[in-house]
Amino acid sequence: MDIRRKMNISKRSMRMMIGLLWLALSMQAMEKQTPLVSNIYARDYQSLNGKWNYIIDPLENGYYDYRLEPFQKSGFFENRKMKHPGELIEYDFDTSPAMDIPSDWNSKDEKLYVYEGTVWFRRNFTVHKEPGKRYVLYFGAVNYDTKVYVNGKKVGEHIGGYTPFNFDVSDVLNEGENFVVLKVDNKRHKDAVPTVNMDWWNYGGITRDVLLAALPATYVEDYLIQLKKDEKNTISGWLRLNHAVEGEKVIVEIPGLKLRKELVTGAGGEVAFEYKAKPELWTPEDPRLYEVQIRTDHECIHDRIGFRTIETQGTSILLNGKPVFLRGISIHEEAPFREGRAWSEEDAVTLLSWAKEMGCNYVRLAHYPHNEKMVRKAEEMGLMVWSEIPVYWTISWDNPDTYQNAKNQLHDMICRDKNRCAIVIWSIANETPHGEARDNFLRNLSQYARSMDNTRLISMAMEVTKAPDYVNRLQDNMNEYVDVVSFNQYIGWYRATVEDCKKMKWDIPYQKPVIISEFGGGAQQGLFGTKEERWTEEYQEELYIQNLAMLDKIDALAGLSPWILMDFKSPRRQLPGIQDFYNRKGLISKWGIRKKAFYVMQHYYENKKEQYK
Ligand code: GCU
């Protein structure tokens, strides 16, 4: 073969190599998750909520061929249509059923009530692209393993069921008609976060808002504005653009403080700032939020931010320097008055109004980050928040991928809500078994949380052990990595009797504030009888009376979040006629009816409020 021919072949193969390399890099670039756009609801966006067609795919037949090789083409993500009557296509979104999104599929289609596997979702949408804009596709949360395709091209994937994620889809969007397809798989896995067992329903699907934001080519990607740690009269913060543009002018304005500052970004497209100011501090009694405007030549972002300090001093929790008792209640992200996940502002107002009616100034949002509206509503209504990642029970402590998954969820929780003054506690775990691997895993998480945010308290729900002579001992190596020692206890329900509460003693050898992150017992609303009969409202009422009297003896007690505000679905609760797949420890039934124990808590908090005036 002459040299010219060899040269031609090598030139062609070189061109092919370069082409493949470019394709791989652009695929990777496209799939690289875009950093979370802060305060997405303040951006220019169109909602993609509404009717999405869906296809149930238990064998992932829309993703793998019959040899279990992922389809490069001809997967369901292509949303193909027949081009001629002889064509073989064995799926069709247009003639498939449609589901209102956001929602969990379990409550929307009885075929999916206990389904765990893949469901495909497809939404058609129109975009009139503006030159120079970036288009970011945002998901409030999708449970659990999600692959996202726009116009048949993969734009990325996400693992985790309770934190937001977004992708820049500018380069794959058409002018006019587009479609987005999601492959959502809610199967549980031993190495996932949470792992395979938990006491809540494994709701699958697109469970929170879907938005398409239209952003300027250079936009404010992220920012933080809060009181400087340990300085009540200094507002500090930073902001970062979506790329390293130096010299970009940014104006930060807080009209309520007569504060207006002109900033210029540095080399990394970032700028930090701090200003003397004397804001009225946010408290549950007076949840003062300030209008904040962040303006560049291309956009103006509005936010509402509160200013407060939270710290511990010995066994006290101090809010704005004053001891505070956290009058709380635990809440699952479960919808009131209907089946399924809570996701809307209306759901948030209902649940949080019930907490306020009980006399709460604090809520424990269990066992995963709730939707952003719930946190923002808590802030507006004057409720401090414990926000938690689902490192729950028997996690795969030795698996580095599991740790990375937990760390990602912790990062995304803090990233989304770092400007929400209502959040006072980041929680990294719930009821995890002792052991060296678990201690290492949680210590690293705790240190990572602190490195991201040293202004809030860190905690986790620990467990007490029963010792002789009615002693309950808290012994947990993690005590030095938390600011508040919190633990769950179920005396009178899972162990001992309600009467035994009167004999119980507590051994908590840590000079830190104590929060009882869970206690309680079940009752079927409307089932009345004697206080000796399990499942009656009277049993639950007496359990609360005796538990509160017992817990009040703990000197370092700084807060409570009884388990739980409202009955919620769980696959672990099978007692016919009483549970029927519901955990009945709610103080309120699914249908909003207060049980007798609700009023015990309400009375207790009225007294606590007086005590801390
Ligand atoms: C545990 C756990 C909760 C669970 C509760 C119960 O403490 O943290 O998630 O629902 O007990 O058994 O009802």
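Counting starts at 1 for both ligands and their atoms, in listed order. Positions are given from 1, in the same order as the sequence printed here. What's counted below: heavy atoms across the whole structure, side chains too, no hydrogens, waters or symmetry copies.
Side-chain contact check for His367 and Glu388: at least one donor-acceptor pair (N or O, by modelled atom type) lies under 3.5 Å. With hydrogens and angles left out, the side-chain atoms of Thr402 and Asn405 include no donor and acceptor closer than 3.5 Å. Inspection of the Tyr368 and Glu333 side chains reveals no N or O donor paired with an N or O acceptor under 3.5 Å.
Under the 6.0 Å distance and 45° angle rule, Lys531 does not count as a cation-pi partner of Tyr539.
Within a 6.0 Å sphere centred on CD of Gln574, heavy atoms belonging to other residues, nucleotides or ligands number more than 12. Annotation: Glu436, atom CD; neighbour count of heavy atoms from other residues, nucleotides and ligands within 6.0 Å does not exceed 12.
For atom 13 (O) of ligand 1, the closest non-hydrogen atom of the protein is Lys585 NZ, 2.6 Å. The nearest heavy-atom contact from the protein to atom 7 (O) of ligand 1 is Glu431 OE2, 2.4 Å. Nearest to atom 12 (O) of ligand 1 among the protein's heavy atoms is Tyr494 OH, 2.5 Å. Among all protein heavy atoms, the one lying closest to atom 2 (C) of ligand 1 is Glu518 OE1, 3.4 Å. Remark: minimum distance from atom 10 (O) of ligand 1 to any protein heavy atom is reached at Asp199 OD2, 2.5 Å.
Taking every non-hydrogen atom of His367 and a distance limit under 4.0 Å, the qualifying atoms of ligand 1 come out as 3 (C), 8 (O), 9 (O). Residue-ligand proximity, Arg573 to ligand 1, at heavy-atom distances under 4.0 Å covers atoms 6 (C), 12 (O), 13 (O).
Within the 4.0 Å heavy-atom shell around ligand 1 one does not find Gln489. Within the structure, ligand 1 lacks Trp200 among the residues with a heavy atom less than 4.0 angstrom away.
Polar contact with ligand 1: present for Tyr392 (N/O pair, distance under 3.5 Å).
Under 4.0 angstrom from ligand 1, the non-hydrogen atoms of Phe568 all belong to its side chain. Only the side chain of Asn583 comes within contact range of ligand 1, with a heavy atom under 4.0 Å; no backbone atom does.
With Arg364 contributing its side chain and Ser387 its backbone, the two residues share no donor-acceptor pair below 3.5 Å.
Salt-bridge check for Asp580 with Lys569: failed, with every basic side-chain N at 4.0 Å or more from each acidic carboxylate O.
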